Amino acid sequence: MISRKLTILLVSCLLWLSSWVITPSAMALTSVKLLDISYKDCPPELAKGTVTSGGSSLPASCYLITGKANNPSGKTLYDADVFGRIYDANNEPILQNRSRVGSIPEIPPGVSEFEVRISVPSDQPTPLKLKQFKASGFTGKVTPIF
């Protein structure tokens with residue numbers, strides 16, 4: 001009876017100690033500062049599209065939001081969500097009730113360039129005003145589970 005308890009205790013301790021060695025790395029959400037934010041018209045091959053709201057299609061203008069991402073983590077970040085506020089020339093919001101404007105698939109350590117495509121209803125007056133832009137990504141690839 002004592003040998004069985006001793007065996008269970010030793011196996012438990014061995015599993016506990018091995019969990020320190022085999023533990024997978026954590027996929028922490030890391031903040032990224034976005035710098036030099038601007039926008040430009042999409043090239044013709046990307047500019048096709050419509051904005052759909054309430055089941056009807058509306059003509060849309062395509063823009064690329066560009067800038068630099070400063071990743072201070074020292075690790076490559078994946079699936080970084082880009083957040084910001086976009087207003088038209090009349091200070092009306094372009095993306096109603098949401099601040100996520102897109103994503104960056106991969107951000108290497110340090111400063112790198114990025115671009116995100118957005119579609120804007122063509123009746124929104126320009127120039128666009130880009131405010132409060134930031135991003136956050138993961139240190140490991142995020143795989144959806146279906």
Side-chain angles (χ1 to χ4, degrees), residues 7-146:
T7 303
I8 291 173
L9 179 64
L10 287 174
V11 169
S12 298
C13 289
L14 185 63
L15 288 173
W16 178 64
L17 289 173
S18 67
S19 71
W20 288 358
V21 177
I22 306 173
T23 304
S25 61
M27 291 192 314
L29 195 59
T30 303
S31 294
V32 176
K33 188 171 186 175
L34 301 180
L35 312 163
D36 302 330
I37 304 297
S38 63
Y39 74 96
K40 61 184 178 184
D41 291 333
C42 288
E45 61 272 7
L46 291 177
K48 298 175 185 170
T50 59
V51 176
T52 304
S53 176
S56 61
S57 294
L58 303 170
S61 299
C62 176
Y63 298 102
L64 289 176
I65 296 175
T66 61
K68 295 180 181 177
N70 184 9
N71 174 4
S73 72
K75 298 180 181 180
T76 299
L77 300 179
Y78 300 95
D79 303 317
D81 289 320
V82 177
F83 300 94
R85 301 283 182 191
I86 306 172
Y87 300 95
D88 67 11
N90 299 324
N91 288 322
E92 296 294 325
I94 297 289
L95 305 171
Q96 290 286 341
N97 301 319
R98 70 176 189 157
S99 62
R100 184 183 179 277
V101 295
S103 67
I104 305 170
E106 190 173 306
I107 304 175
V111 177
S112 60
E113 294 185 359
F114 76 92
E115 64 182 26
V116 175
R117 180 188 183 274
I118 62 168
S119 293
V120 174
S122 61
D123 61 350
Q124 298 274 179
T126 56
L128 300 179
K129 298 172 187 173
L130 309 174
K131 298 182 180 182
Q132 301 173 342
F133 270 72
K134 63 182 179 178
S136 57
F138 296 93
T139 55
K141 289 193 176 185
V142 179
T143 307
I145 299 173
F146 296 101

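This is a predicted model, so every value here is computed, not measured.
- No cation-pi contact links K68 to F114, judged by a cut-off of 6.0 Å to the six-membered ring centre and 45° from its axis.
- A salt bridge (charged side-chain N to carboxylate O under 4.0 Å, His left out) check over residues 100-115, counting only residues at least two apart or in different chains, returns the pairs D81-R100.
- In this structure, NZ in K40 is found 9.0 Å from SG in C42, a value given to the nearest 0.5 Å.
- When all heavy atoms of S31 and P72 are compared, the closest pair comes out as O-CD, 4.0 Å.
- Side-chain atoms of V82 and I65, non-hydrogen and from C-beta on, never get closer than 4.5 Å to each other.
- Note that CG of L34 and CD1 of I104 are 6.0 Å apart. Values are rounded to the nearest 0.5 Å.
- In terms of heavy-atom proximity, D88 sits nearest to L128 at CA-CD2, 4.2 Å.
- Here the shortest heavy-atom pairing between T30 and S73 reads CG2-CB, 3.9 Å.
- Counting only distance, with no hydrogens or angles, the side chain of N71 and the backbone of I107 share a donor-acceptor pair below 3.5 Å.
- Evaluation of the side chain to side chain donor-acceptor pair (under 3.5 Å) rule for S12 yields no partner, not counting sequence neighbours.
- Looking at heavy atoms from C-beta onward, C62 lies out of side-chain contact with D41 at the 4.5 angstrom threshold.
- Between P125 and N90 the shortest heavy-atom distance is CG-ND2, 3.4 Å.
- In this structure, Y39 and T126 approach most closely via the heavy-atom pair OH-CB, 4.2 Å.
- Under the rule for a side chain to side chain donor-acceptor pair (under 3.5 Å), K134 has no partner lying at least two apart in sequence or in another chain.
- With contacts defined as side-chain heavy-atom distances shorter than 4.5 Å, the pair K129/N91 qualifies.
- Distance check, rounded to the nearest 0.5 Å: CD1 of I94 to OH of Y63 gives 8.0 Å.
- To the nearest 0.5 Å, atom OG of residue S136 and atom CZ of residue F83 are 5.0 Å apart.
- A distance of 12.5 Å separates CD in Q132 from CD1 in I37, rounded to the nearest 0.5 Å.
- Side-chain atoms of S103 do not come within 3.5 Å of backbone N or O of P105 as any donor-acceptor pair.
- Put simply, the side chain of P93 does not reach to within 4.5 Å of the side chain of R85, judged on heavy atoms.
- Looking at every heavy atom in both residues, A69 comes nearest to V32 through CB-CG1, 3.8 Å.
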Evaluate side-chain contact (heavy atoms from CB on, under 4.5 Å) for I118 paired with I86, printing each intermediate quantity in order.
CA-CA 10 Å; I118 62 168; I86 306 172; 3.7 Å; yes
Using the side chain to side chain donor-acceptor pair (under 3.5 Å) rule, take S61 and S122 through it: C-alpha gap first, then chi angles, then the decisive distance, then the call.
CA-CA 5 Å; S61 299; S122 61; 5.1 Å; no
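- Distance check, rounded to the nearest 0.5 Å: OH of Y87 to CD of E92 gives 10.0 Å.
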